[in-house]
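Treat the numbers as computed from the prediction; the structure is a model and nothing was measured. All chains are named by letter (A, B, ...) in the order of the sequence lines, taking the proteins before the strands, and each is independently numbered beginning at 1.
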Number of protein chains: 2
Amino acid sequence: MKIDPDNKADLSAQIAEAIREEIMAGRLIVDERLPSEAELADHFEVSRPTVREALKRLAAQSLIRTARGAFGGAFVNRLSYPEAYGQHITTSTLLLSMNAISFDVACEARYALERACTPLAAERRTPDMLATMRAEIHRQGQPGLTDESFCASDVTFHRALVDSADNPVLSYQLAGAVEAMQPLMNMITFTARSREAIVGFHTRIADALERHEADAAQTALSELEAYTLTLGRDVMAARARPRKPA
Amino acid sequence: MKIDPDNKADLSAQIAEAIREEIMAGRLIVDERLPSEAELADHFEVSRPTVREALKRLAAQSLIRTARGAFGGAFVNRLSYPEAYGQHITTSTLLLSMNAISFDVACEARYALERACTPLAAERRTPDMLATMRAEIHRQGQPGLTDESFCASDVTFHRALVDSADNPVLSYQLAGAVEAMQPLMNMITFTARSREAIVGFHTRIADALERHEADAAQTALSELEAYTLTLGRDVMAARARPRKPA
DNA sequence: GCGTTTAAATTGTCAGACATTTAAATGTAA
DNA sequence: TTACATTTAAATGTCTGACAATTTAAACGC
């Protein structure tokens with residue numbers, strides 16, 4: 001780890017990249033301690049603040065963690081699921097919100113991925129997960145619920161559906177697709193009738209999973225997708241129309 | 001954006017988090033310029049190096065970009081697909097390599113997600129994408145190919161399959177699942193016979209997509225999954241057995 | 001009017017210092 | 001000997017002040 005040519009880019013970025021590659025390649029393993037900031041500064045022939053900026057970059061990606069005090073320092077961090085979830089959700093959300101992704105495209109991706117989980121979920125769903133889904137369905141039927149709370153409950157329901165597949169890698173990958181849709185969904189006004197319809201779909205999905213019927217669950221999911229699409233399209237059409245209606 | 005209580009955590013982490021929330025909430029919009037480092041230091045009542053560490057954290061997540069010179073500064077960055085891809089792949093790869101994820105679990109997730117793309121890919125596949133798949137299949141049949149190159153070609157083939165669904169959000173989400181498997185796949189020794197089998201599955205998939213037959217493609221994918229699983233299990237079993245066989 | 005120069009603003013980097021935290025080593029008393 | 005308090009050393013966290021490099025806009029000269 002001593003590559004630093006006559007590059008023009010920021011030194012801190014180069015140093016961060018050099019260390020990152022060491023970690024990605026497995027040459028720095030989990031919980032291994034990096035040299036101290038002073039030693040790194042000496043090694044790369046830069047000042048300590050520059051090294052620190054590089055380390056902060058790595059810390060922001062959860063690649064390292066730091067500890068103060070004697071025998072402290074920077075350590076290669078074991079990327080935990082919560083950390084990975086958080087980063088994935090952040091990235092996915094920003095990607096969708098900043099790139100004018102159409103509601104249709106995001107919706108299609110989300111439901112396609114969720115359907116992928118359904119066969120596994122139908123096979124492995126636990127009473128616990130079913131109870132979570134039922135609870136959220138019940139919450140979604142409450143009259144006083146705000147649109148935002150309804151959306152949040154919707155996310156919780158779908159996450160339970162995904163988690164029912166009992167595959168942490170799948171849950172991780174899906175987290176981005178499901179959570180990133182929330183800002184888009186939050187723009188929708190859920191009327192009493194549309195809520196009723198959605199609760200109906202959710203109930204069909206939960207029922208199907210309970211009976212281990214993957215196909216029925218997939219069908220319900222597809223119909224929910226189609227229904228969501230119509231709700232979203234109305235919103236997007238209204239948004240595209242700048243002339244405000246009185 | 002002026003929240004900084006008597007928290008114990010690093011100031012640079014707090015400041016980064018405060019700015020990150022502004023961006024995520026949309027209160028700082030794309031291409032908007034942040035205050036200069038000096039102004040931020042003044043605002044948060046910290047020194048400039050501390051502010052800089054915070055900004056580097058954000059830059060590492062592609063949330064901001066910086067420009068030098070007059071009228072330079074830090075700007076909210078529009079997260080591009082390549083940047084999002086890169087971050088997602090990094091995170092996914094590390095998550096798998098550092099958490100003792102079983103080959104089975106990773107494999108199951110990957111193929112479940114790929115099957116989710118198949119119906120769309122069968123509908124929308126372009127001659128271009130088919131040509132890419134055929135080219136990779138041809139490469140995979142070359143005799144002199146190293147295991148690593150075979151793996152790389154495998155990834156390219158599967159990415160073409162995913163991209164055929166013509167949904168950038170789907171491609172982005174899948175990138176993590178497909179690419180992160182590569183280190184695991186690289187541990188496998190692909191014999192001539194296993195390569196022949198895999199090429200056979202790939203050909204069946206490409207043929208099915210060409211004929212717009214989603215079901216046939218999914219079936220082939222499932223069989224490929226099962227076959228990959230047996231290959232992977234052999235490797236993992238050998239790894240788990242420390243007594244070296246002469 | 002146009003090209004050149006100058007100035008100003010801003011990030012990038014450096015040096016050195018002090019503050020804070022942590023764990024090990026040491027010392028002390030029951 | 002054991003338990004507890006103190007010291008010490010190593011490391012990160014933070015600050016101050018300065019200079020370098022870069023980029024744009026304005027001033028200037030022709």
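- Of all non-hydrogen atoms in B:Y172 and B:Y85, the two that sit nearest each other are N-OH, 3.6 Å.
- B:R65 has its CZ atom 15 Å from the C1' atom of C:dT11, to the nearest Å.
- Here the nucleotide nearest the side chain of B:A70, chosen from D:dT24, D:dG13, C:dG12, is D:dT24.
- Between the C1' atom of C:dT20 and the CG atom of B:L11 lies a distance of 12 Å, rounded to the nearest Å.
- When each of A:A13 and A:A67 is assigned the nucleotide of DNA chain C bearing its nearest heavy atom, the one mapping closer to the 5' terminus is A:A13.
- One can place CG of B:L40 at 17 Å from P of C:dA9, the figure rounded to the nearest angstrom.
- In this structure, B:E37 places its CD atom 15 Å from P of C:dC14, rounding to the nearest Å.
- The CG atom of A:L58 sits 14 Å away from the P atom of D:dT12 (whole-angstrom rounding).
- One interatomic measurement links the two molecules: CZ of B:F71 to P of D:dT24, which rounds to 10 Å at whole-angstrom precision.
- B:D104 and B:R110 are not joined by a salt bridge, as no carboxylate oxygen comes within less than 4.0 angstrom of a charged side-chain nitrogen.
- Here B:T66 reaches the OP1 or OP2 of C:dG12: one of its side-chain N or O atoms lies under 4.0 Å away.
- For residues 47-56 of chain A, proximity to DNA chain D is found at A:R48, A:R52, A:K56, defined as any non-hydrogen atom under 4.0 angstrom from a strand atom.
- The ring-ring contact (aromatic ring centres under 6.0 Å, His included) check on B:F150 picks up B:F190, with sequence neighbours excluded.
- Within the nucleic acid shown, B:R33 comes within 4.0 Å of sugar-phosphate atoms alone, with no base atom in reach, counting heavy atoms only.
- The nearest whole Å value for the distance from the CG atom in B:D42 to the P atom in D:dT16 is 11 Å.
- Minimum interatomic distance between B:S153 and B:Q140 (heavy atoms only, all atoms of both residues): OG-NE2, 2.9 Å.
- In the interface, the side chain of B:R68 is not paired with the base of C:dT10 through any donor and acceptor atom under 3.5 Å apart.
- A salt bridge does not link B:R57 with B:E17: every distance from a Lys NZ or Arg NE/NH1/NH2 to an Asp or Glu carboxylate oxygen is 4.0 Å or more.
- Looking at B:K56 and B:E53, no side-chain N of the basic residue comes within less than 4.0 Å of a carboxylate O on the acidic one, giving no salt bridge.
- In this structure, the CG atom of B:L34 is 13 Å from the C1' atom of C:dT11, given to the nearest Å.
- Salt bridge B:D31/B:R65: present, at least one basic N to carboxylate O contact under 4.0 Å.
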